[in-house]
Novice: 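Structure incoming, see below.
Labels below follow one simple rule: chain letters A, B, ... track the order of the sequence lines, proteins then strands, and each chain is numbered from 1. Worth knowing before you read on, the calculation uses all heavy atoms, side chains too, and leaves out hydrogens, waters and symmetry mates.
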There are 2 protein chains.
Amino acid sequence: MDLIDLGAAGAKPADFDEILDRIRQKFGFDHAAYAGSNLIAGTIHAYVTYPEQWKQLYLDEQLHLYDPTLATAARSIAPVHWARLEKTQNFDRVFRNAADFGIVPQGLTIPVRGPYGDVGMLSVTRNCKTDEWNGLIPTILSELQSIAVHVHDGAMRSHTLTRTLHAPHLSTREIEILQWTAAGKSQQDVGDILGISHRTVEVHLRSGRHKLYALTTPQAVARAIAMGMIYPL
Amino acid sequence: MDLIDLGAAGAKPADFDEILDRIRQKFGFDHAAYAGSNLIAGTIHAYVTYPEQWKQLYLDEQLHLYDPTLATAARSIAPVHWARLEKTQNFDRVFRNAADFGIVPQGLTIPVRGPYGDVGMLSVTRNCKTDEWNGLIPTILSELQSIAVHVHDGAMRSHTLTRTLHAPHLSTREIEILQWTAAGKSQQDVGDILGISHRTVEVHLRSGRHKLYALTTPQAVARAIAMGMIYPL
DNA sequence: ATTGATATGCGGTGAATCCCGTATAGGTTG
DNA sequence: CAACCTATACGGGATTCACCGCATATCAAT
């Protein structure tokens, strides 16, 4: 089984378009799309194989705000089968427009989430008989899930690599104390846990704030999470 | 390809133990483990096929705080191959203890994240020749990825079925104030910016902490970032 | 029409945090 | 070997935060 290697450093937008096209050709989909949000970089990025006119209409009408495939996947852990979407007004609004381009409500959206609130969604669709679709999906779902993870990983890496190079260095004590702070412990609590004075805890927090160019401890926690030094608990 | 259906409503802990055992037997792993955190319910749950004595030692020594497989996967989108873990003091601490139980640093941890800051990690390990391990993993990685998603989905459902599932709803004011707080502003600063008293700012912060089940403001900031409500600045 | 919940606003007080200092030990560099 | 830097440790006092109250307005349910 030939997995598409997407984790390579330095992947560019052209690469993503190529990756999606290869997904489309390999599995026989009409279209494939990847939409991702990067909170750290403050960007939303999308790569699609849809026709240019549909893309334009989608943007002009801001259909991403109503797209039930994205909204439902945003609240799901598992892949979302479009057949299970509720037939709401938003559903009609998006798919009535899409029908003009031969895009049918038969598809799949796979959400993937990163550690800093970033989300990527890989969508695929194909206009074919229901039996054929239902026969195809179970045989490739696992591979699509894996591909979705790697597409998102690649998209995030292409943004965060340059930021990581400038990450300030925090000592193990500073990181440890920031981690406990992010977990809801007071300075006294942290002192008790680590067997040091709460004063000492304060010194390390101050030092951490300084290194992260943060004015306050909550800001230091926010930045440490963004830089992958600690994680939310 | 026989996918294990884990999304069935009402899965119980015994079911998870059985699921992990089936994963172990199907793929020939020595052990399989699933550790998940549910920020909304404020719980951490784990199901493992490890020997009882190792489980006890792991808990007694609180090794989950030092486990590099969890820490690294917590910061990753893609699956984490244990071979790539840094040989730190924490690494030695965990795997030196684990060696007494025949558990080797040859494994894989797959992180899966849900829409409300919840994270699940599926770990598998096997004590065999490196060549054998490296030959096995690529052939089943996609399927494991899919299984991890479904295990986590099932774990979350088993909690949300008993509790009302909803992302904590924060008011626009609460989110706005948390955002400014994460940006390094003091309560007085935020009050000045929004034209309200710093007391009022404190009330919204307290309300936000309550809704996010956070003990402190830094913890609320951390969770709000994890849930995609605000972002680091 | 009443009740309850939520959103938004504010004050007094004590605890916690932060800023200003202090110290020793170990490692690196000239 | 001395100087400098980093890591790690602590105290006093001022400021900020958090907890305990209070209030009005709006909306939804009964």
Novice: Is a side-chain N or O of A:S207 found less than 3.5 angstrom from the main chain of A:V203, in a donor-acceptor match?
Specialist: no

Novice: How many whole angstroms separate atom CG of A:L178 from atom P of C:dC18?
Specialist: 11 Å

Novice: Heavy atoms, side chains only, cut-off 4.5 Å: are A:L122 and A:T109 in contact?
Specialist: no

Novice: Once you round it to whole Å, what is the distance between P of C:dC20 and NE2 of A:H210?
Specialist: 12 Å

Novice: Just checking, is any N or O donor in the side chain of B:Y50 or B:D30 under 3.5 Å from an acceptor N or O on the other one?
Specialist: no

Novice: Just checking A:T216: base, sugar-phosphate only, or nothing, at a heavy-atom cut-off of under 4.0 Å?
Specialist: nothing

Novice: Given atom CD of A:E174 and atom P of D:dA9, what is their separation to the nearest angstrom?
Specialist: 11 Å

Novice: Measure from the side-chain heavy atoms of B:V203 and tell me the nearest of C:dG9, D:dT8, C:dT17.
Specialist: C:dG9

Novice: Think B:K211 has a side-chain N or O under 4.0 angstrom from the OP1 or OP2 of C:dA7?
Specialist: yes

Novice: Can you label the angle between the B:F91 ring and the B:F95 ring as parallel, tilted or perpendicular, going by 30° and 60°?
Specialist: tilted

Novice: Look at the side chain of A:L205 and decide which nucleotide, out of C:dG11, C:dC18, D:dC10, has an atom nearest to it.
Specialist: C:dC18

Novice: Can you measure B:H169 atom NE2 to C:dT6 atom C1' for me and round it to whole angstrom units?
Specialist: 9 Å

Novice: Tell me the interatomic distance from B:H198, atom NE2, to C:dT17, atom P, rounded to whole angstroms.
Specialist: 18 Å

Novice: What is the nucleic acid contact for B:T200, judged by heavy atoms within less than 4.0 Å: base, sugar-phosphate only, or nothing?
Specialist: base

Novice: Looking for any heavy atom pair under 4.0 Å, which part of the strands does B:Q187 touch: base, sugar-phosphate only, or nothing?
Specialist: sugar-phosphate

Novice: Which is more 5' along DNA chain C, the nucleotide nearest B:R173 or the one nearest A:P218? Just name the residue.
Specialist: B:R173

Novice: Look at the aromatic rings of B:H152 and B:Y34 and report parallel, tilted or perpendicular, splitting at 30° and 60°.
Specialist: tilted

Novice: Can you tell which of C:dT8, D:dA9, D:dC17 lies closest to the side chain of B:H204?
Specialist: C:dT8

Novice: Counting side-chain heavy atoms from C-beta on, which of C:dC18, D:dA18, C:dG9 comes nearest to B:E202?
Specialist: D:dA18

Novice: In whole angstrom, give the distance that lies between atom CG of B:D189 and atom C1' of D:dT15.
Specialist: 13 Å

Novice: Base, sugar-phosphate, or nothing for B:T217, non-hydrogen atoms under 4.0 angstrom?
Specialist: sugar-phosphate

Novice: Looking at B:R199 and C:dG12, is any side-chain donor or acceptor paired with a base atom of the opposite kind under 3.5 Å?
Specialist: yes

Novice: Looking across every strand, which nucleic acid part, if any, lies under 4.0 Å from A:S207 by heavy atom: base, sugar-phosphate, or nothing?
Specialist: nothing

Novice: Classify the nucleic acid contact of B:R206 as base, sugar-phosphate or nothing, counting any heavy atom under 4.0 Å across all strands shown.
Specialist: base

Novice: Does D:dT8 have OP1 or OP2 under 4.0 Å away from a side-chain N or O of A:S171?
Specialist: yes

